[in-house]
Each structure stands twice: as structure tokens, then as C-alpha cells.
Amino acid sequence: MNRRQFISSSGAAAAALSSGLTMDTASAAPPKRALMKLGTETSMGDARLKTLARFGLKNVGGAPPIADGRLYATVDELKRTREVAEKNGISYDIVTPPFLASSHIDRERHPAIMLAQSPERDRDIEALQTMIKNCAAAGIPALKYNMSILGVLRNNGRVPGRGDATYSKWSFKEAHPETPLSRAGRVTADMFWERITYFLEHMIPVAEEYKVRMACHPHDPGVPPEGYQGVDRVLGTVDGLKRFLSIKESPYHGLNFCQGTVSEMLQDPGKEIFDVIRYFGSRKKIFNVHFRNIRGHRNEFLEVYPDEGDVDFVKAIQVYREVDYSGMLMPDHVPQAPGDPGGEQSFAFCFGYIRALIQAVDQMS
């Protein structure tokens, strides 16, 4: 083949290739964009928000300052808090109320809802209804809460990790089943479901009316069916979470999907968690995500850095994109280190890691 023939044939081949690429590109569906956002739960002061802005965060959740010991924030308090965030280029996406937190019932100042104490629980529910109405008026779209009696269960002491970091641990067999009952006493599954149902029947219609999403955190961790400290933790299994969502079906009734806590429910989280994300995500029941990793399985695990646990976070974030999850991915329960008593360095590592994952998955076809 002479030079002229080579150039001619090469040009024809290039034109054909170009034409083929053009046709394929035109017929192919555009790749899904990553809709999720890097976020965190934080105090809502100006200095803290400036730090988070420096770390690249544009979305947060947290508790607003509330005067006079009230159980709800006023519209003005919520608006002022939102304005402080916006001044720093941050969106205030989810509110944490001053009760229904992850604390143990013996330390909870307002336990009536979880203890089924009347008339106090109706008073507390009314306060939360007011909080929902005020969130709507202040332009804040969601509220995060817990329905917990025992709080977060972990063993005493910590386990050495990489570098000088230490990890929290839960081993049910090393816990003390003879631990005295809390002030809640014995709480069977039926009793717990009654309290949950009473709450949801009073709250979800209000959330639906004012179009504020209510995101419930699962029980951390789940325990065997016989319970722990006299309590059957009904939101400590995937089936329990499915039942919880079915009690009052609504697009405003969903989960603060703590991926770490849900992983703690599974025997093989490295394989099982992805279908759990798909189940709740495809039904639009994931309103917020605590994006943390564990090493281990149900009844026996450590809380570790996101890049060293049993769950593949690259695959996990692809599944969140697959189900069009558009809320926040928050680090949670970070490792501790002697030179980092507040966990600031660990959180900064997690922020960068999650931000990079979001950017990477957004580029994947």
C-alpha cells in the first residue's frame, strides 16, 4: 500500500469509527449523576460552620439553640440558625430536637414517649408537632429522631487500631446480661411496638400536612431476641425497620439510615448491605445516611475508618447513586486518638474520603 492509499483508508476508518461513536453516544442513556451530598451533624455556631465550610461541606443537620428549656424551637430560632448556616454557604437540611435522642433512658430528661407515661407523652408529642410546624415555616425540610430506650450499646474499653487510633467495640457475649433493668423495666416487643405506633399515629399526619420528613435512627446495635437489660430492641433488625415503615405509610415517614447500625444487624454485612440499601432506597425511605463502616457482624463488631471495614464503600456509594439517593452522607462514630480528643482529625479524614467518593462516582458511566 502506497502512502496515498494508506492515508485514504485511514481516513475512511476514522470516519467510520467517529460515526459509530456518535451513533452509540446518541442512543445511549446519559449516565446517572450522583445526587447525594457530603454532610454532617453538628453544633450550629458560626465558628463551627466556618470550619465545616473550609472542609468543603455545604449541607448539615443539627440542633438549633433553644431558649428557656423549651422542647421545641420557635420559627425565629430556626430561621436565625438557618441564616447563620447560609451566611457560610451551608444549607441547614435536618433538625435534631432536644429529646428523642440516642441517650440511655436513665439519662434522658424527657422520657415520657418511650416510657408510655401519660399525660406527659402527649405533652411531649405536642411539642414535637409544634417543632414540625415551625420547621415548615422556617424552610427546613426534615427532622431526625430516635426511638431508643438503651441508647448506643458498646463494651467498656477500646480496641487498638491503625496508628495510635482506638475503636469502639460491641461484643454481646462480653456484655453483662445481668445488668440491672433501667427505669423502663421490662419492655417486650409488643410493648415497644405499642409505644412506636402511638407516636407515629400522632406524628406522621402532622409531618405529612406540613411536608416535613421524619427520619428515625435504628436501634444501635440490635440484640438477640431475648433482649438486653430487659428491652427487646425491635428496630434492631431489617425486618423490624420494614415493619416500622409499614405502620404509617407516608412519603414523610422514613429512616435516618445509619449504614453502620444496619451493617451491625447483618451476619455478613460485606455481602448483604447492598440489597438492604436497594430495598429502602428504591422505596424512597432513606432520608439521611450515617456513612460509617464496621469490621465484624451482628453481635460482634468494631467501628473503624470507612476505608478499612468489611463494607466496600465504593460499591455502597454506587448503590446510593443507583437508587437516586439525594440526601446527605454523614460520617459518624469516628475512631479516637490521643492527639485528637474531639475527633476533628478523624472527621476531616472522613469528610475528604466521602467527598472524593461522591466526585468519583459522579464520573462513572
Asker: Between Asp310 (side chain) and Gly270 (backbone), is there a donor-acceptor pair under 3.5 Å?
Answerer: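 No; zero donor-acceptor contacts below 3.5 Å.
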Asker: Can Tyr320 and Arg278 be said to form a side chain to side chain contact (heavy atoms under 4.5 Å, CB included), step by step?
Answerer: CA-CA 8 Å; Tyr320 287 113; Arg278 287 188 182 96; over 6 Å; no
Asker: Mind checking whether His333 and His290 have ring centres under 6.0 Å apart?
Answerer: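 So the answer is no for these two rings.
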Asker: Apply salt bridge (charged side-chain N to carboxylate O under 4.0 Å, His left out) to residues Arg82 and Glu86 and explain how you reach the verdict.
Answerer: CA-CA 6 Å; Arg82 192 195 72 192; Glu86 289 175 348; 3.3 Å; yes
Asker: Return the orientation label for the Phe55 and Phe351 ring planes: parallel under 30°, perpendicular over 60°, tilted otherwise.
Answerer: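 Correct class here is tilted.
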Asker: Have a look at Glu264 and tell me which of Arg298, Arg233, Arg295, Arg292 forms a salt bridge (Lys or Arg N to Asp or Glu O under 4.0 Å) with it.
Answerer: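 When Arg298, Arg233, Arg295, Arg292 are each tested with Glu264, the salt bridge (Lys or Arg N to Asp or Glu O under 4.0 Å) holds only for Arg292.
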Asker: For the residue pair Leu115 and Ile105, establish whether any side-chain heavy-atom pair is separated by less than 4.5 Å.
Answerer: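 With C-beta onward as the side chain, the pair touches.
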Asker: List for me each residue that meets side chain to side chain contact (heavy atoms under 4.5 Å, CB included) alongside Asp46, sequence neighbours excluded, and say none if there are none.
Answerer: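 In terms of side chain to side chain contact (heavy atoms under 4.5 Å, CB included), with neighbours along the sequence ignored, Asp46 is linked to Lys50, Val84, Lys87, Asn88.
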Asker: Would you check if the side chain of Gln363 reaches a backbone N or O of Ala360 as a donor-acceptor pair within less than 3.5 Å?
Answerer: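 Between the backbone of Ala360 and the side chain of Gln363 there is no qualifying donor-acceptor contact (under 3.5 Å).
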Asker: Under 4.5 Å between any side-chain heavy atoms of Met114 and Glu108, yes or no?
Answerer: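 Side chain of Met114 against side chain of Glu108, heavy atoms only: no contact under 4.5 Å found.
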Asker: Do Lys37 and Tyr325 have side chains that get closer than 4.5 Å, going by heavy atoms?
Answerer: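 Contact flag for Lys37/Tyr325 side chains = no.
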Asker: If the condition is ring pair (Phe, Tyr, Trp, His ring centres under 6.0 Å), which residues does Tyr145 pass it with, not counting sequence neighbours?
Answerer: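 Result, ring pair (Phe, Tyr, Trp, His ring centres under 6.0 Å) vs Tyr145: Phe199.
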Asker: Mind checking side chain to side chain donor-acceptor pair (under 3.5 Å) for Thr237 and listing every partner two or more places apart, or none if nothing turns up?
Answerer: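 Expected list: none.
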Asker: Looking only at side chains, do Ser346 and Gln336 share a donor and an acceptor under 3.5 Å apart?
Answerer: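 Side chains of Ser346 and Gln336: no pair found under 3.5 Å.
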Asker: Taking salt bridge (Lys or Arg N to Asp or Glu O under 4.0 Å) as the definition, give me every residue that meets it alongside Glu344, ordered by chain and number, with sequence neighbours left out.
Answerer: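 Salt bridge (Lys or Arg N to Asp or Glu O under 4.0 Å) check on Glu344 returns Arg48.
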Asker: How long is the straight-line distance from CZ of Arg154 back to CG of Asp220, given to the nearest 0.5 Å?
Answerer: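 If I round to the nearest 0.5 Å, the distance is 4.0 Å.
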Asker: Go through the structure and list residues passing ring pair (Phe, Tyr, Trp, His ring centres under 6.0 Å) with Phe313, not counting sequence neighbours.
Answerer: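 Expected list: Phe291.
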Asker: Does Asn293 use its side chain to pair, donor to acceptor, with the backbone of Pro306 at less than 3.5 Å?
Answerer: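 Yes: the side chain of Asn293 pairs with the backbone of Pro306.
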Asker: Enter the distance from Ile66:CD1 to Leu71:CG here, rounded to the nearest 0.5 Å.
Answerer: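 Answer for the CD1-CG pair, Ile66 versus Leu71, is 8.0 Å.
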Asker: Could you walk me through whether Asp93 and Ser91 satisfy the side chain to side chain donor-acceptor pair (under 3.5 Å) test, starting with their C-alpha distance in whole Å, then the side-chain angles of each, then the deciding distance to 0.1 Å, before giving a yes or no?
Answerer: CA-CA 6 Å; Asp93 288 354; Ser91 176; 2.4 Å; yes
Asker: Ring of Tyr198, cation from Arg121 - is the NZ or CZ under 6.0 Å from the centre and inside 45° of the axis?
Answerer: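 Cation-pi check for Arg121 and Tyr198: passes.
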Asker: Hey, are Glu300 and Ser171 close enough side-chain-wise for a donor-acceptor pair under 3.5 Å?
Answerer: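 Result is yes, a qualifying pair exists.
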Asker: Walk me through it: do Glu126 and Asp122 pass the test side chain to side chain contact (heavy atoms under 4.5 Å, CB included)?
Answerer: CA-CA 6 Å; Glu126 184 178 353; Asp122 292 323; over 6 Å; no
Asker: Step by step, work out the side chain to side chain contact (heavy atoms under 4.5 Å, CB included) result for Arg195 and Ile113.
Answerer: CA-CA 7 Å; Arg195 297 173 195 189; Ile113 291 173; over 6 Å; no
Asker: Tell me, with the steps shown, if Glu272 and Met265 meet side chain to side chain contact (heavy atoms under 4.5 Å, CB included).
Answerer: CA-CA 10 Å; Glu272 298 175 60; Met265 301 176 184; over 6 Å; no
Asker: Does NZ or CZ of Lys315 fall inside the cone over Phe274's six-membered ring, less than 6.0 Å from its centre and within 45° of the axis?
Answerer: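 Flagged: Lys315 positioned over aromatic ring of Phe274.
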Asker: In the hydrophobic clustering (ILVMFWY, side-chain contacts below 4.5 Å, transitive), which residues join Tyr252, or is it alone?
Answerer: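 Hydrophobic cluster check, Tyr252: no partners found.
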Asker: Hey, does the side chain of Thr42 reach the backbone of Met44 with a donor-acceptor pair shorter than 3.5 angstrom?
Answerer: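 The answer is no, because no donor-acceptor pair under 3.5 Å joins these two groups.
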Asker: Taking all heavy atoms of Asn256 and all of Asn288, pick out the closest pair and write down the distance.
Answerer: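 Looks like OD1-ND2, 2.9 Å.
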Asker: Taking Gln229 for the side chain and Pro180 for the main chain, is one N or O donor matched with an acceptor at less than 3.5 Å?
Answerer: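 Checking the backbone N and O of Pro180 against the side chain of Gln229, a donor-acceptor pair under 3.5 Å is found.
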Asker: Side-chain donor-acceptor pair under 3.5 Å between Tyr72 and Asp124, yes or no?
Answerer: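 No donor-acceptor contact under 3.5 Å links the two side chains.
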Asker: Of all residues at least two apart in sequence or in a different chain, which pass the side chain to side chain contact (heavy atoms under 4.5 Å, CB included) check with Phe287?
Answerer: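 For Phe287, the residues satisfying side chain to side chain contact (heavy atoms under 4.5 Å, CB included) (neighbours in sequence not counted) are Arg213, Ala215.
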Asker: Determine, for Phe99 and Arg109, whether the Lys NZ or Arg CZ falls below 6.0 Å from the six-membered ring centre while staying within 45 degrees of the axis.
Answerer: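 So Arg109 doesn't make the cation-pi contact.
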Asker: For the pair Thr51 (side chain) and Ala47 (backbone), establish whether a donor and an acceptor sit closer than 3.5 Å, ignoring hydrogens and angles.
Answerer: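 Checking the backbone N and O of Ala47 against the side chain of Thr51, a donor-acceptor pair under 3.5 Å is found.
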Asker: I'd like to check the side chain to side chain donor-acceptor pair (under 3.5 Å) partners of Thr130; sequence neighbours left out, ordered by chain and number.
Answerer: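 In terms of side chain to side chain donor-acceptor pair (under 3.5 Å), with neighbours along the sequence ignored, Thr130 is linked to no residue.
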Asker: Do you see a donor-acceptor pair shorter than 3.5 Å between the side chains of Thr188 and Asp190?
Answerer: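 No, no side-chain donor-acceptor contact under 3.5 Å.
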Asker: Strictly under 6.0 Å, is that where the ring centroids of His219 and Phe192 end up?
Answerer: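 Between His219 and Phe192, the centre distance is under 6.0 Å.
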Asker: State, with a plain yes or no, whether a side-chain heavy atom of Val311 is found less than 4.5 Å away from one of Gln259.
Answerer: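 Counting from C-beta outward, Val311 and Gln259 do come under 4.5 Å.
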Asker: Nearest 0.5 Å, what's the CG-CG distance between Leu78 and Asn134?
Answerer: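 Nearest 0.5 Å value for the CG-CG distance: 6.0 Å.
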Asker: Would you please name every residue forming a side chain to side chain donor-acceptor pair (under 3.5 Å) with Arg283, sequence neighbours left out?
Answerer: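 Side chain to side chain donor-acceptor pair (under 3.5 Å) list for Arg283, sorted by chain: empty.
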Asker: Once you measure the plane-to-plane angle for Trp170 and Tyr228, does it fall in the parallel (<30°), tilted (30-60°) or perpendicular (>60°) bin?
Answerer: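 Correct class here is perpendicular.
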Asker: Partners of Ala189 by side chain to side chain contact (heavy atoms under 4.5 Å, CB included), sequence neighbours excluded?
Answerer: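 By the side chain to side chain contact (heavy atoms under 4.5 Å, CB included) rule, Ala189 matches Trp193, Asp232, Val234.
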Asker: Could I get the full list of side chain to side chain donor-acceptor pair (under 3.5 Å) partners for Lys169, not counting sequence neighbours?
Answerer: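 Glu174.
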Asker: Ring pair (Phe, Tyr, Trp, His ring centres under 6.0 Å) with Tyr305: which of Tyr353, Phe349, Phe347?
Answerer: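 So, applying the ring pair (Phe, Tyr, Trp, His ring centres under 6.0 Å) to Tyr305 and each of Tyr353, Phe349, Phe347, only Phe349 qualifies.
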Asker: Does the salt bridge (charged side-chain N to carboxylate O under 4.0 Å, His left out) test come out yes or no for Glu249 and Lys285, once each step is laid out?
Answerer: CA-CA 10 Å; Glu249 180 56 46; Lys285 292 300 183 182; 3.0 Å; yes
Asker: Does NZ in Lys284 sit with more than 12 non-hydrogen atoms of other residues, nucleotides or ligands closer than 6.0 Å?
Answerer: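 Check passes, neighbour count above 12.
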Asker: Ring centres under 6.0 Å, that's the criterion: do His253 and Phe244 meet it?
Answerer: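 Centroid separation for His253 and Phe244: below 6.0 Å.
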Asker: Cluster partners of Met328, using ILVMFWY side-chain heavy atoms under 4.5 angstrom, listed by chain and number?
Answerer: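 Result for Met328 is Ile94, Met330.
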Asker: Give the C-alpha distance, both sets of side-chain angles, the deciding distance and a yes or no for salt bridge (charged side-chain N to carboxylate O under 4.0 Å, His left out) between Lys248 and Glu208.
Answerer: CA-CA 11 Å; Lys248 200 72 178 172; Glu208 200 163 39; over 6 Å; no
Asker: Return yes if some donor-acceptor pair links the side-chain N/O of Glu77 with the main-chain N/O of Thr74 below 3.5 Å, else return no.
Answerer: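 Yes: the side chain of Glu77 pairs with the backbone of Thr74.
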